[in-house]
Amino acid sequence: MRIMITGGSGFLGWNLCLGLRKRHEVFGSYIRHPFALDNCSSFKLDLTSQGEIRSCIEQIKPDVIIHTAAITNPDQCEKNRPLAKKVNGDATRILAQICQDHAIRLIYTSTDLVFNGNNGLYTEEDKTDPLNFYGETKLAGELAIKELLANFVVVRVTLMYGWGNGMNGCFTDWMLSALEKKDKLHLFTDQYRTPTLVNDTVTGIIKVIEEPHVAGVFHLAGPERVNRVEFGRVFVDTFGFSRDLIQAVKQDEIPALVPRPKDSSLSIRKFQERYHFTPKGIKEGIKTMFELRNQS
Ligand SMILES: NC(=O)c1ccc[n+]([C@@H]2O[C@H](COP(=O)([O-])OP(=O)(O)OC[C@H]3O[C@@H](n4cnc5c(N)ncnc54)[C@H](OP(=O)(O)O)[C@@H]3O)[C@@H](O)[C@H]2O)c1
């Protein structure tokens, strides 16, 4: 298959390029971070330009587009709402329109932050109610896709960890660099998520791609609902740091520009039943991450 990945330079997008390039013809986009990878063509794409989106797709002629590119930091989305709306919401509608015109299958990575976090272990049928503008723009992308396309999959992913490409990383990069300097990690006791090893997110998305007749919304996340301190303890134990470097705090003790849900953990039962795949829990996932570092 010819697969176009928007956000190929991003944390998930780059891992998808790595995971797919030996099985398919892969084209990954960037905007600020050009990259080179064997068996993967990279190209520049600015999602704020409708003409550029159309011409890239018409040149590549993909069978499938995995749309991961987004402004992913909730604080940045709040600081520049017009840009966040354009990139996360409007561009997704344009992509969906072009996919409709050319009968291209669209796979869109959305987020657990479409939920308000009052309940946790959300299913695909639960009511969405984003707490911040990032969540609103990602939800707008979902709604545009559902309105325009039959052949789509929305994969809601959540708090991914693992190795990136050094250009766009994730929260474990921040944790590791603080730990190496012996700085304290301030981790929340009252923020629950279902953390996912990014390699497992990639495996799950490959399963979605390779079953072309499946459509709909799926949650793809780790099987364990944990708070940040629980994750941090397993992380420091596995990477050989002291638990004394963890300082447990409550969300409201650390000022943030925008609110985050308290518990946006996701239920993955639908994905497990459809694809017979369960991402690793945090102990096994962090151990795998540790082993991958030693391998490379
Ligand atoms: N990371 C998580 O834990 C998490 C959790 C829930 C949902 N998600 C969703 O998963 C997807 C991937 O997240 P991620 O963390 O891997 O993202 P990321 O590392 O922040 O990467 C974002 C990507 O979007 C590209 N991009 C930004 N603005 C753009 C624009 N105007 N035009 C074209 N490309 C643009 C970036 O390109 P450059 O780097 O070249 O500038 C980069 O490739 C997103 O859709 C996000 O909403 C992620």
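Along the sequence shown, the residues carry numbers beginning at 1. All values below were derived from every heavy atom in this structure, side-chain atoms included, with hydrogens, water molecules and symmetry-related copies excluded.
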Task: Heavy-atom side-chain proximity of E58 to R54 below 4.5 angstrom - done: yes

Run through the side-chain heavy atoms of Ile, Leu, Val, Met, Phe, Trp and Tyr, join any pair under 4.5 Å, and report what else lands in [X]'s cluster.
| X | answer |
| --- | --- |
| Y30 | W14, L18, F35, L37, M167 |
| Y192 | none |
| I31 | none |
| I254 | F188, V249 |

Open item on the list: My understanding is that only residues two or more places apart in sequence, or in another chain, count here; which of them pass ring-ring contact (aromatic ring centres under 6.0 Å, His included) with F171?
Closed with: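 Here the qualifying residues are F231.
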
Could you list the residues that satisfy side chain to side chain contact (heavy atoms under 4.5 Å, CB included) with [X], not counting sequence neighbours?
| X | answer |
| --- | --- |
| K250 | T189, D190, D252, E253 |
| S177 | none |
| K86 | T48, D90 |

TODO: State whether F218 and K270 meet the cation-pi test: NZ (Lys) or CZ (Arg) under 6.0 Å from the six-membered ring centroid, and within 45° of the perpendicular axis.
DONE: yes

Throw together a table of side-chain donor-acceptor distances under 3.5 angstrom for residues 239-248, partners on residues two or more places apart or in other chains.
{"residue": "S242", "atom": "OG", "partner": "D244", "partner atom": "N", "Å": "2.9"}
{"residue": "R243", "atom": "NE", "partner": "D237", "partner atom": "OD1", "Å": "3.1"}
{"residue": "R243", "atom": "NE", "partner": "D237", "partner atom": "OD2", "Å": "3.3"}
{"residue": "R243", "atom": "NH2", "partner": "D237", "partner atom": "OD2", "Å": "2.6"}

Open item on the list: Taking the ring of Y161 and the ring of F235, is the distance between their centroids below 6.0 Å?
Closed with: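 Not close enough - the centres of the two rings lie 6.0 Å or further apart.
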
TODO: Would you tell me whether S264 and R193 have side-chain atoms, one donor and one acceptor, within less than 3.5 Å of each other?
DONE: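 Judged by distance alone, the side chains do pair up.
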
Listed once per pair and sorted, the ring pair (Phe, Tyr, Trp, His ring centres under 6.0 Å) pairs that draw on [range], sequence neighbours left out:
| range | value |
| --- | --- |
| residues 78-97 | none |
| residues 65-121 | H67-Y108, F115-Y122, F115-H219 |
| residues 70-99 | none |

Task: Reference residue L47; test side-chain contact (heavy atoms from CB on, under 4.5 Å); the match among I53, N88, T92, I94 - done: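 Of all the options given, the one that passes is I53.
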
